[in-house]
**Q** 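This structure is in structure tokens; I'll ask about it shortly.
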Amino acid sequence: MKRYNTLNDYFKTTFGKKIYKVSLDGGFTCPNRDGTLSKRGCIFCSERGSGEFAGKRGDDIYNQIEDQLKLIEKKFPDGEVIAYFQNFTNTYADVEYLREIYTKALSHPRVIGLAIGTRPDCLGEDVLNLLDELNKKHFIWIELGLQTINEDVAKKINRKYPLETYVEATKELNKRNIKFVTHIIVGLPYENEDDPLNTAIFAEKCGTWGVKIHLLHVIKNTMLEEIYNRNELKLQKKDEYVKKIVKILANLSYNIVIHRVTGDGDRNNLIGPLWSLNKRDVLNSIDKLMKEEDVVQGKYKIERG
Ligand code: SF4
């Protein structure tokens with residue numbers, strides 16, 4: 001067992017078994033990409049809308065699930081999976097289209113639930129009603145790309161919605177008992193040392209069920225690459241990153257599900273930090289520091305009361 005409440009542990013406790021996720025591309029775009037809010041997107045967003053390992057765009061959802069299952073066939077030949085709508089903004093479409101693709105994913109015999117990545121400004125009443133309906137019958141969660149609560153940084157990364165929008169979305173999801181995961185990025189340009197920590201604490205106050213903590217990756221052909229080339233971004237060092245993660249984990253209650261504490265970089269397009277490609281080493285370093293400092297998730301939270 002890890003010193004923090006991993007998604008794997010959550011699955012084992014809740015379903016009594018290992019469950020994988022299969023990443024799907026529902027053919028969506030994003031209001032921050034299609035010109036509605038901006039054409040440039042968030043500065044770190046890649047050409048595939050932050051879903052490098054998902055199924056093939058344009059393919060039928062059922063076929064994408066089959067293809068993704070083939071990729072994990074050896075290590076996971078017959079278990080159940082969560083269908084993860086990952087690329088771009090997965091609630092940004094007509095509600096009938098959403099119903100069609102979510103239902104199609106749920107119709108696969110090995111799919112036991114859905115994870116849906118979106119922006120908090122793309123959860124209108126009709127979408128919330130659909131999610132509410134699905135949530136009553138299936139295991140689902142929503143993923144919200146908050147990244148930071150620092151409003152200046154949010155503007156500089158071109159997130160294109162204010163913090164209040166996240167707060168409102170969380171109230172609507174909480175009202176309907178729909179679980180949500182908050183994405184947080186460590187290492188954003190112009191951020192203060194404790195911004196990621198404060199973002200995680202804020203997300204817990206808003207009722208987040210889980211957090212997904214990413215290291216900021218500089219990917220080719222993004223606005224971030226231009227910032228990096230202008231020498232306006234200092235890449236995170238591994239030790240700094242590991243310390244920040246341990247501090248965040250120590251300050252979150254143990255019941256918050258930790259979906260991720262590092263990123264899965266696209267090896268071919270990653271400019272930096274290159275140390276993040278050795279994911280195993282990053283995870284081991286986090287475990288090691290937690291052990292050395294005798295930290296478990298929630299330790300400082302308990303001490304704070
Ligand atoms: S909201 Fe997501 S998909 Fe849209 S630009 Fe930002 S990172 Fe990309």
**Q** Taking only residues two or more places apart in sequence, or in another chain, which ones meet Asn150 in a side chain to side chain donor-acceptor pair (under 3.5 Å)?
**A** Asp195
**Q** Count I, L, V, M, F, W, Y as connected when their side-chain heavy atoms are under 4.5 Å apart, and connections chain through other members. Are Leu283 and Tyr241 then in the same cluster?
**A** yes
**Q** Taking only residues two or more places apart in sequence or in another chain, which ones pass side-chain contact (heavy atoms from CB on, under 4.5 Å) with Lys247?
**A** Asp194, Leu197, Asn251
**Q** For the side chain of Asn135 and the backbone of Leu131, is there at least one donor-acceptor N/O pair under 3.5 Å apart?
**A** no
**Q** Taking it one step at a time, do Lys70 and Glu73 satisfy salt bridge (charged side-chain N to carboxylate O under 4.0 Å, His left out)?
**A** CA-CA 5 Å; Lys70 271 185 210 135; Glu73 200 170 17; over 6 Å; no
**Q** His259: which residues meet the side chain to side chain donor-acceptor pair (under 3.5 Å) condition with it, sequence neighbours left out?
**A** none
**Q** So which atom in Thr199 and which in Thr148 form the shortest heavy-atom distance, rounded to 0.1 Å?
**A** OG1-CA, 3.6 Å
**Q** Write down the atom of Ser253, the atom of Gln297, and the distance for their closest heavy-atom approach.
**A** O-NE2, 2.7 Å
**Q** Could you tell me whether the side chains of Ser46 and Asn269 share a donor-acceptor contact shorter than 3.5 Å?
**A** no
**Q** Is the shortest side-chain heavy-atom distance between Gln236 and Leu216 below 4.5 Å?
**A** no
**Q** Are Phe44 and Ile157 close enough, and set up right, to give a side chain to side chain contact (heavy atoms under 4.5 Å, CB included), and what steps lead you there?
**A** CA-CA 8 Å; Phe44 48 81; Ile157 64 171; 4.0 Å; yes
**Q** For residues Leu98 and Tyr62: do they belong to one hydrophobic cluster (side chain heavy atoms under 4.5 Å, members Ile, Leu, Val, Met, Phe, Trp, Tyr)?
**A** no
**Q** Please list, chain by chain and in numerical order, all residues satisfying side-chain contact (heavy atoms from CB on, under 4.5 Å) with Asp126, sequence neighbours excluded.
**A** Val95
**Q** Would you confirm whether Thr89, through its side chain, and Thr91, through its main-chain N or O, come within 3.5 Å as a donor-acceptor pair?
**A** no
**Q** Is Thr182 close to Cys206 at the side-chain level, that is, under 4.5 Å between some pair of heavy atoms?
**A** no
**Q** Do Val127 and Cys122 make a side-chain contact, defined as non-hydrogen atoms from C-beta onward lying under 4.5 Å apart?
**A** no
**Q** To the nearest 0.5 Å, tell me how far Ile72 CD1 sits from Lys21 NZ.
**A** 11.5 Å
**Q** Give the intermediate values and the outcome of side chain to side chain contact (heavy atoms under 4.5 Å, CB included) for residues Leu69 and Ile65.
**A** CA-CA 6 Å; Leu69 287 173; Ile65 295 170; 3.9 Å; yes
**Q** For residues 213-233, pull every pair meeting ring pair (Phe, Tyr, Trp, His ring centres under 6.0 Å), keeping only residues two or more places apart or in separate chains.
**A** His183-His214
**Q** Using side-chain heavy atoms (C-beta onward) and a distance below 4.5 Å, is Asn90 in contact with Phe28?
**A** yes
**Q** Could you go through the side chain to side chain contact (heavy atoms under 4.5 Å, CB included) check for Ile227 and Tyr190 one step at a time?
**A** CA-CA 11 Å; Ile227 293 173; Tyr190 326 107; 4.2 Å; yes
**Q** Can you name the side chain to side chain donor-acceptor pair (under 3.5 Å) partners of Lys137, sequence neighbours left out?
**A** none
**Q** Show your working on side chain to side chain contact (heavy atoms under 4.5 Å, CB included) between Leu173 and Leu128 and close with a plain yes or no.
**A** CA-CA 8 Å; Leu173 292 166; Leu128 285 164; 3.9 Å; yes
**Q** Mind checking what makes ring-ring contact (aromatic ring centres under 6.0 Å, His included) contact with Tyr20, not counting sequence neighbours?
**A** Phe76
**Q** Not counting sequence neighbours, which residues clear side-chain contact (heavy atoms from CB on, under 4.5 Å) with Glu193? List them please.
**A** Lys244
**Q** Does any N or O in the side chain of Glu204 come within less than 3.5 Å of the main-chain N or O of Leu252, such that one atom is a donor and the other an acceptor?
**A** no
**Q** Could you tell me if the side chain of Ile219 sits less than 4.5 Å from the side chain of Glu225, heavy atoms only?
**A** no
**Q** Quick check: are there more than 12 heavy atoms from other residues, nucleotides or ligands sitting under 6.0 Å from CZ of Arg40?
**A** no
**Q** Is the shortest distance from a Lys or Arg side-chain nitrogen in Arg110 or Glu66 to a carboxylate oxygen in the other one below 4.0 Å?
**A** no
**Q** Salt bridge or not for Lys299 and Glu293, using N-O below 4.0 Å?
**A** no
**Q** Please report the shortest heavy-atom distance between Asp25 and Arg57, naming the atom on each side.
**A** OD1-NH1, 2.8 Å
**Q** Under 4.0 Å between a side-chain nitrogen and a carboxylate oxygen: does that hold for Glu151 and Lys155?
**A** no
**Q** Quick one: closest heavy-atom pair of Pro189 and Val153, and the distance?
**A** O-CG1, 3.8 Å
**Q** Which atom pair, heavy atoms only, marks the closest approach of Leu106 to His138?
**A** CD1-CD2, 3.6 Å
**Q** Less than 4.0 angstrom from a charged side-chain N to a carboxylate O is my criterion; do Glu240 and Lys243 meet it?
**A** no
**Q** Using the rule that two of Ile, Leu, Val, Met, Phe, Trp, Tyr join whenever any of their side-chain heavy atoms come within less than 4.5 Å, decide whether Val296 and Ile213 are in one cluster.
**A** no
**Q** Suppose we screen for side-chain contact (heavy atoms from CB on, under 4.5 Å). Which residues come up paired with Thr29, at least two apart in sequence or across chains?
**A** Arg33, Asp34, Tyr92
**Q** Is there a path of hydrophobic side-chain contacts, each under 4.5 Å between heavy atoms of I, L, V, M, F, W or Y residues, that connects Leu37 with Phe88?
**A** no
**Q** Just say parallel, tilted or perpendicular for the rings of Phe180 and Tyr166, cut-offs at 30° and 60°.
**A** perpendicular
**Q** How about Leu146 and Ile184: do any of their side-chain heavy atoms sit closer than 4.5 Å?
**A** no
**Q** For residues Asn32 and Arg159, determine if any side-chain heavy atom of one lies less than 4.5 Å from a side-chain heavy atom of the other.
**A** no
**Q** Decide yes or no on salt bridge (charged side-chain N to carboxylate O under 4.0 Å, His left out) for Lys237 and Asp239, but give the supporting numbers first.
**A** CA-CA 6 Å; Lys237 294 199 172 82; Asp239 290 358; over 6 Å; no
**Q** So, are Lys104 and Asp60 salt-bridged, with charged N and O less than 4.0 Å apart?
**A** yes
**Q** Apart from Phe139 itself, which Ile, Leu, Val, Met, Phe, Trp or Tyr residues share its cluster (side-chain heavy atoms under 4.5 Å, direct or through members)?
**A** Leu7, Tyr10, Phe11, Phe15, Ile19, Ile82, Ile112, Trp141, Val181, Trp209, Val257
**Q** Linking I/L/V/M/F/W/Y whenever their side-chain heavy atoms sit closer than 4.5 Å, directly or via other members, would Ile258 and Tyr254 fall into one cluster?
**A** no
**Q** Check whether any side-chain heavy atom of Gln68 lies under 4.5 Å from a side-chain heavy atom of Tyr84, and answer yes or no.
**A** no
**Q** How far apart are the closest heavy atoms of Lys238 and Asp281, and which atoms are they?
**A** NZ-OD2, 2.7 Å
**Q** Scan for salt bridge (charged side-chain N to carboxylate O under 4.0 Å, His left out) pairs involving residues 78-87, sequence neighbours excluded, and state none if there are none.
**A** Lys17-Glu80
**Q** As an exercise, state the distance from CD1 of Ile256 to CG of Asn5, rounded to the nearest 0.5 Å.
**A** 9.0 Å
**Q** For the atom pair CG (Asn198) and CG (Asn192), what is the distance rounded to the nearest 0.5 Å?
**A** 9.0 Å
**Q** Should the pair Glu168-Lys175 be classified as a salt bridge under the 4.0 Å nitrogen-to-oxygen rule?
**A** no
**Q** So, using side chain to side chain donor-acceptor pair (under 3.5 Å) as the criterion, who are the partners of Lys2 when residues are at least two apart?
**A** Asp287
